[in-house]
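Since the structure is predicted, the reported quantities are computational estimates derived from the model, not experimental observations. Order of appearance sets the numbers: ligands from 1, and atoms from 1 within every ligand.
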Amino acid sequence: MTNALYILSLSLSELTKQLQESALSPEEVFYTYLEKTLDVHQKLNCCTEIILDSFEQLKTIGSCKRGILYGVPLSLKENLLLKNHDSSCGVVKYLNQPADDDCVLVKVLKEQGAIPFVRTNFPQALLNYDCSNPIYGQTLNPHNLQKTAGGSSGGEAALIGAGGSVIGIGTDIGGSARIPASFCAICGFKPTAGRLSSKGCKSIFRGQKTVLSTPGPMARDVDSLALFMKAEICEQMVFLDPTTPLLPFDEGSRNSLRIGYFDCIEQTPTSPSMTRGVQEVKALLEQAGHTLVPFTPVRILDMAELMSKGALADGGATFLQQLEGSPVDPVLHAQVAMYRLPICLRKVLAFILKPFWPSGARLLRSSDCVNDTIAQWRRLNLDVVLCPIIGPAFNFCYCGKLMSMVPHSMTYNLLNFCAGVVPVSTVTEEDERNLCHLDKGGWFNRVLKKAITGGVGLPVAVQCVALPWHDELCLRFMKEVEELVKKARKDEGANANGKVYLIYDFH
Ligand SMILES: CCCCCCCCCCCCCCCCCC(=O)NCCO
């Protein structure tokens, strides 16, 4: 194995150990990843710029030798502010407005010895889970170039999934760190909003508090996500952003868990492979001695309504305003067409739709989704929940037509629970044959069928959820899932039946 292949094969924990012990130098690690990133970008169009300041940072990195991430090259989604760089969010009017300062997360990571070296792609205006915009174009999926990488942190997921970065940061208001992780076979984590600083994470809306956005790490394995959280959660973060809690990262230990599970949710399209992923992981968890309890998400239709009316309380007016002067990317056409409908026409449509699609037509009602959900967890005495995540990777331009799938991920932004995604399997021929069941389930199911047709071999992931501020527990649960899947793969004879996904094969 060449030195480059060796470096690229190391997990984040192994890499940091080798750097701290001087078995590898920051220079050889940096240039190895830079070369790989350039190669991956040529194929996938996942990057927006190489951060030239990183070459300067590399020269003085020795002063950060005691940092947790000393010498580790790091990738960043473009909406994370970086001093003297634009964060366009794919919108023309944000071009040529360089930031005055780095965002807090980047400042802390630099102190911890990490070297941000590349910025990554996203969908225009960030409120979509595809990955294309008129400035940087479409990002492709590393496992099938005919599919999207997902979004909105799709550039991160594609780059990490193809081996061009060992750790990166995405942002997530509706699934944007988790959905592309699912599409690209990596792990993505949405912490409880507020646990990590959001200061300097640019969004297209300001002041929207109903559905909370948060930055979150993305990497090839769960340990890397945990190491990232450990590096960020420190006194300096609280000093730079006192809105974050003085809550040290607790590595803890893994005990037997009581796990709620469900493999589909009402009125929300779910693909056969997403359902199978949950069922297979449920069986593995039971065999390992955990207790699995059926769980029905409470008031999901109320929540879907709150998501839509919270994230777009003005009916999409601000969203359209921000796009003024920009060409609109094709991934947004379905959404923009809806936001442009006059309010009176929407009301008429809602009236007509009500008997056929009540959830899409109901008026906002008051409800207490957070406390109802917590009460349900307490009644069942749950530690965590296992559930599906949107996937497998879609054909281009279908994400905007399938906003009806967003409750799979956005529910946990609305509730402000923490949630993460772990790849567990690949799409089988049988999953593909089972797509015929989607013909029966209404218009959205038929669109989903078109979106995911031709997906054999693509990654399948599951979602792990925990209560607010239980980020460490969520990560420990994700780690348990990851380890059980790896062990099952070995036991079943190295993927002989095509069921268990070979996590590292793609890298
Ligand atoms: C049964 C019908 C349910 C419809 C629910 C519709 C909710 C629509 C909410 C508006 C669209 C949100 C898309 C979110 C995609 C992910 C975006 C994201 O996380 N971006 C990160 C920004 O930092």
> Is a donor on one side and an acceptor on the other found under 3.5 Å between the side chain of Arg299 and the backbone of Asp372?
Replying inline: no

> Do the side chain of Asp86 and the main chain of Ser88 share a donor and acceptor less than 3.5 angstrom apart?
Replying inline: no

> Under 4.5 Å between any side-chain heavy atoms of Pro116 and Leu109, yes or no?
Replying inline: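 Side-chain contact under 4.5 Å: no.
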
> Does a sphere of radius 6.0 Å around CG in Asp439 hold more than 12 heavy atoms from other residues, nucleotides or ligands, not counting ones at 6.0 Å or beyond?
Replying inline: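 Yes, enclosed.
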
Would you mind listing which atoms of ligand 1 come within a distance below 4.0 Å of any non-hydrogen atom of [X]?
X: Met403; value: 6 (C), 11 (C), 13 (C)
X: Leu312; value: 10 (C)
X: Gly175; value: 19 (O)
X: Ala304; value: 3 (C), 5 (C)

For [X] and ligand 1, does the shortest N/O to N/O distance drop below 3.5 Å?
X: Leu301; result: no
X: Gly174; result: yes
X: Met410; result: no
X: Lys77; result: no
X: Thr171; result: yes
X: Ser176; result: yes

> Between His408 and Gln463, is any side-chain donor less than 3.5 angstrom from a side-chain acceptor?
Replying inline: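 There is no such pair (donor and acceptor under 3.5 Å, judged by atom type) between the side chains of His408 and Gln463.
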
> Just how far is it from atom CE of Met218 to atom SG of Cys187, taken to the nearest 0.5 Å?
Replying inline: 10.0 Å

> Say you draw a straight line from CG of Asp172 to CE of Met410; how long is it, rounded to the nearest 0.5 Å?
Replying inline: 9.0 Å

> Under 4.0 angstrom from ligand 1, any heavy atom of Leu126?
Replying inline: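 Yes.
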
> Could a heavy atom of Ser152 be found less than 4.0 Å from some atom of ligand 1?
Replying inline: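 So Ser152 counts as touching ligand 1.
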
> Do Asp241 and Lys199 sit within salt-bridge range, that is, some charged N less than 4.0 Å from a carboxylate O?
Replying inline: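 Salt bridge: no.
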
> Checking salt bridge (Lys or Arg N to Asp or Glu O under 4.0 Å) against Asp471, which of Arg195, Lys190, Arg476, Lys230 comes through?
Replying inline: Arg195

>> If we set the cut-off at 4.0 Å for heavy atoms, which region of Ile179 has an atom near ligand 1: side chain, backbone, both, or neither?
In response: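 It is neither; nothing of Ile179 touches ligand 1.
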
